[in-house]
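To start, the structure under review is shown below, and the notes come after it.
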Amino acid sequence: MEPGSRAAGERAGERSGPGEALLLGVRHHGPGSARAVRRALDAARPRTVLIEGPPEADELIPLAADENLRPPVALLAHAVDEPGRSAFWPMAAFSPEWVAIRWALEHGVPARFIDLPAAHTLAWQRETDEHPEPQGPPPGDGPGVGAGLRDDLRVDPLATLAEAAGHDDPERWWEDVVEHRGPGRRDPFAPFTAIEEAMTALREAYGAEGGERDALREAYMRLQLRAAQREFGDGAVAVVCGAWHVPALRRRTALSADRALLKGLPRTRTDLTWVPWTHRRLVRAGGYGAGIDSPGWYAHLFASPDRPVERWLTRVAGLLREEDRVVSPAHVIEAVRLAETLAALRGRPLPGLSETTDAVRAVLCEGSDVPLALIRDRLVVGDDMGEVPATAPAVPLQRDLDRLQRRLRLRPEAAERELELDLRKETDSERSRLLHRLRLLGVRWGEPAVSRGSTGTFRETWRLRWEPELSVRVAEAGVWGTTVPAAATARAEADAVAARGLAEVTGLAERCLLAGLPDALPTVMQVLADRAALDTDVGHLAQALPALVRSLRYGDVRGTDTGALAGVAAGLAERIFVGLPPACAALDADAADEMRRHVDAVHGAVGLLEEAVGPERGTPLHTRPHARLRDGWRAVLRVLSGRDSVAAVVRGRAARLLLDGGEVERDEAALLMGLALSRGTPPAEAAAWIEGFVGDGADGGLLLVHDERLLGLVDGWLTGVSAEAFTDVLPLLRRTFSAYETGVRRSLGELVRRGPGERSSVLGADSGTAGFADDLDAGRADAVLPVVRLLLGLDGEQRGATATDNDTDDQLTTATT
């Protein structure tokens with residue numbers, strides 16, 4: 001075409017406007033709208049279909065013909081240089097946009113998206129984040145977001161129209177006039193004509209309530225509509241868009257004005273693809289949701305060719321039977337009758353969700369609301385999750401994840417499920433590593449849970465649920481690498497360098513071991529050693545040691561070399577031994593309680609460290625054998641228990657740990673308690689010592705029950721506390737003794753009531769109370785031996801009257817008693 005004729009054509013297009021196009025205004029995710037769209041397209045037979053959506057996704061439309069692309073799905077757009085900045089356009093099987101795409105593909109008609117490009121939408125997201133007052137329209141999530149007709153409006157069209165029609169429930173009104181009615185039998189375009197008239201009246205009354213954003217979107221859609229009309233002809237174009245936009249697209253405007261409005265909009269490079277979506281995600285009104293309350297119900301209405309109420313109640317009955325509730329065909333028949341009666345009384349053309357729910361509650365649930373929660377979760381909302389073919393565009397990391405999911409038989413599912421893993425099996429071990437690596441990358445597909453079957457390190461329990469946003473997290477993590485192991489390794493190394501505290505690095509080292517990332521460990525361990533050498537805070541070191549020691553235990557189960565960890569752990573332990581006594585002096589109550597928890601953590605870590613890498617391996621750490629770690633820790637506890645400058649609660653805790661470890665006899669423990677509870681000790685300090693010594697739940701209470709000297713010391717001190725001081729120490733004592741079990745508290749109360757001095761007569765052999773005599777009761781201990789042997793797995797072994805068996809029984813008798 002010559003330049004002169006091209007200009008003439010543009011002027012003709014500018015004068016003609018989009019008045020002759022077939023504009024189908026819909027509510028997004030509406031089954032009635034979807035059926036009406038298909039009927040109108042069958043009647044009009046347009047040569048092209050234009051759909052509200054990002055035009056960059058035009059190349060993805062042919063994938064909708066693939067049988068492996070199963071809705072609900074969504075178009076995902078993300079910025080190339082910042083994958084976390086993204087937007088979704090969800091579509092369900094009952095979405096008018098999806099129906100229009102499928103109709104165009106089935107009839108060989110080109111389909112195009114005509115909404116504002118995602119390049120502008122994502123650029124606005126960046127500007128909105130950077131500027132407190134946005135310089136342009138706010139970002140949007142596409143045609144699936146919001147209630148459908150409203151988009152970003154300050155006025156609610158549904159509520160306004162429902163109020164004008166005398167209805168107080170906009171959702172129910174819309175279902176009655178659109179969703180529950182079939183398309184016009186005589187005139188398939190009648191529903192859209194009526195909707196267009198209503199939206200025109202609303203826009204005239206309220207003006208451009210959509211603001212600058214809608215003005216720009218509608219200007220761009222008008223430009224695309226004009227281009228399609230020039231290519232295919234005025235009457236050969238059909239447009240499927242939100243009903244609110246129809247009057248704006250019908251209005252004649254100057255072509256130059258629309259172009260000027262769009263000039264200078266910010267842009268960013270974007271990638272688009274299809275991703276799976278879920279019905280549960282369609283429910284959410286905010287974020288990436290769609291704002292519909294019952295996607296499962298809508299899907300049922302769209303898929304049911306006839307008798308939708310009967311079919312729905314049959315599904316409800318099937319679900320209740322699966323939950324062992326008695327539901328007969330007679331119940332279903334009666335529920336259908338009740339739902340139809342309620343619809344007639346309420347003036348509705350068809351029983352809606354409220355009528356069927358009322359019928360289910362009255363007939364199938366016998367008036368109980370408890371089963372209704374299950375019905376809403378499983379059927380009204382549902383766990384349907386879409387599928388995307390392997391041919392869909394994706395970042396390399398996503399493709400690698402898809403490959404691993406198929407190989408390990410870990411299919412993403414919308415419903416939450418528990419996964420029990422036995423790390424001794426190769427497949428389960430690989431599954432565990434994959435889930436841990438994804439967590440390192442910020443893709444929280446699985447969350448660790450407490451295992452019901454075992455507490456051993458060879459078992460793991462996970463709760464899995466795939467959320468659509470995880471596709472964004474995978475795209476975002478793609479900057480770290482093209483495969484899951486490579487990306488997790490790079491992310492771990494970067495996180496180690498950027499970590500602010502020693503505890504963060506030790507936690508990261510533990511996660512690297514769980515994820516099986518040997519290539520990341522050298523960097524992490526170097527950072528850990530550097531931070532440990534520079535950190536002088538004993539509290540930080542005490543927090544770091546337990547995580548390191550736990551990591552050592554994973555080496556045997558996961559086959560990971562933990563030699564470097566063992567060296568760092570031993571070095572941390574020695575630094576703690578040196579710095580702990582000075583750090584426990586001059587502490588207030590809160591700091592002292594925190595330090596007591598550190599002492600407990602280090603005590604457990606030292607024991608595990610010896611168990612994980614003990615002297616039997618024969619490798620000294622920092623020129624000292626592992627066995628001497630225990631000796632060093634015992635020396636620290638003795639210093640803590642006997643130094644007056646140490647906080648009382650820490651002194652009491654150290655004395656108790658020495659007693660439990662057999663490092664001090666009960667006489668020495670009683671001496672330490674007597675000194676701590678002497679008259680010269682302030683009552684608050686004495687109460688803190690008691691809390692440290694016996695304030696650990698049932699074990700502390702049983703210690704007092706079984707040792708009359710300790711109980712007598714506590715009782716004598718408490719009776720000698722003045723009334724004024726007693727008021728001050730009472731909260732601390734209440735906190736200490738309230739942790740005891742009811743039986744322990746009852747025994748202590750009985751002993752104190754009779755007096756600790758009378759203990760021998762109260763709990764001795766003459767009293768008839770078992771378990772408190774001076775010597776062992778061999779007869780009672782022998783009665784327990786069969787049960788103990790069964791618990792220890794010795795019951796099935798052949799036992800003879802050998803010295804070994806006798807020794808074992810003697811040991812069991814002593815331990816049991």
Side-chain angles (χ1 to χ4, degrees), residues 499-510 524-553 562-588 590-615 619-643 645-658 660-661 663-664 692 696:
R500 296 182 178 181
L502 181 61
E504 291 184 34
V505 186
T506 55
L508 185 61
E510 183 178 10
V524 176
M525 295 311 303
Q526 183 61 48
V527 174
L528 178 59
D530 294 343
R531 296 289 179 88
L534 297 176
D535 200 326
T536 59
D537 191 321
V538 175
H540 293 169
L541 300 178
Q543 286 179 331
L545 183 62
L548 284 180
V549 174
R550 284 196 306 268
S551 301
L552 290 173
R553 304 179 68 195
T562 57
L565 273 179
V568 175
L572 278 181
E574 292 182 351
R575 293 186 61 199
I576 292 171
F577 296 169
V578 173
L580 190 59
C584 293
L587 300 177
D588 61 16
D590 293 336
D593 191 61
E594 182 180 2
M595 192 60 69
R596 178 186 62 82
R597 290 194 293 269
H598 289 329
V599 170
D600 284 340
V602 173
H603 182 77
V606 169
L608 291 177
L609 182 59
E610 288 186 308
E611 177 184 343
V613 280
T619 56
L621 297 179
H622 293 258
T623 69
R624 297 187 62 186
H626 287 291
R628 296 187 61 184
L629 288 175
R630 179 177 55 189
D631 297 335
W633 178 241
R634 290 169 179 170
V636 173
L637 291 177
R638 283 192 172 275
V639 172
L640 293 177
S641 65
R643 184 174 293 181
S645 61
V646 173
V649 67
V650 177
R651 280 190 282 125
R653 195 63 182 156
R656 174 62 187 281
L657 294 177
L658 289 171
D660 289 345
E663 301 303 317
V664 300
D696 59 346

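Note that this is a predicted model, so its numbers are computed, not measured. Computed over heavy atoms, backbone and side chain alike; hydrogens, waters and symmetry mates excluded.
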On a heavy-atom basis, which atom in C584 and which in M595 lie closest, and how many Å separate them? SG-CG, 3.4 Å

Could you go step by step and tell me if V599 and L580 meet the side-chain contact (heavy atoms from CB on, under 4.5 Å) rule? CA-CA 9 Å; V599 170; L580 190 59; 4.1 Å; yes

side-chain contact (heavy atoms from CB on, under 4.5 Å), that's the test. Do R634 and D631 meet it? Break it down for me. CA-CA 5 Å; R634 290 169 179 170; D631 297 335; 3.6 Å; yes

Identify the heavy atoms of A591 and D588 that sit nearest to each other, and give their distance. N-OD1, 2.8 Å

Considering all heavy atoms, the nearest A647-A592 contact: CB-CB, 3.6 Å

Supply the atom-to-atom distance D530 CG to M525 CE, rounded to the nearest 0.5 angstrom. 10.5 Å

Shortest non-hydrogen separation from A654 to L637 and the atoms involved: CB-O, 3.5 Å

Nearest non-hydrogen partners of A499 and V505, listed with the distance: CB-CG2, 3.6 Å

Over all atoms of both residues, closest heavy-atom pair of R653 and G692: CD-O, 3.1 Å

Hey, what do you get for CZ (R596) to CG (L587), rounding to the nearest 0.5 Å? 13.0 Å

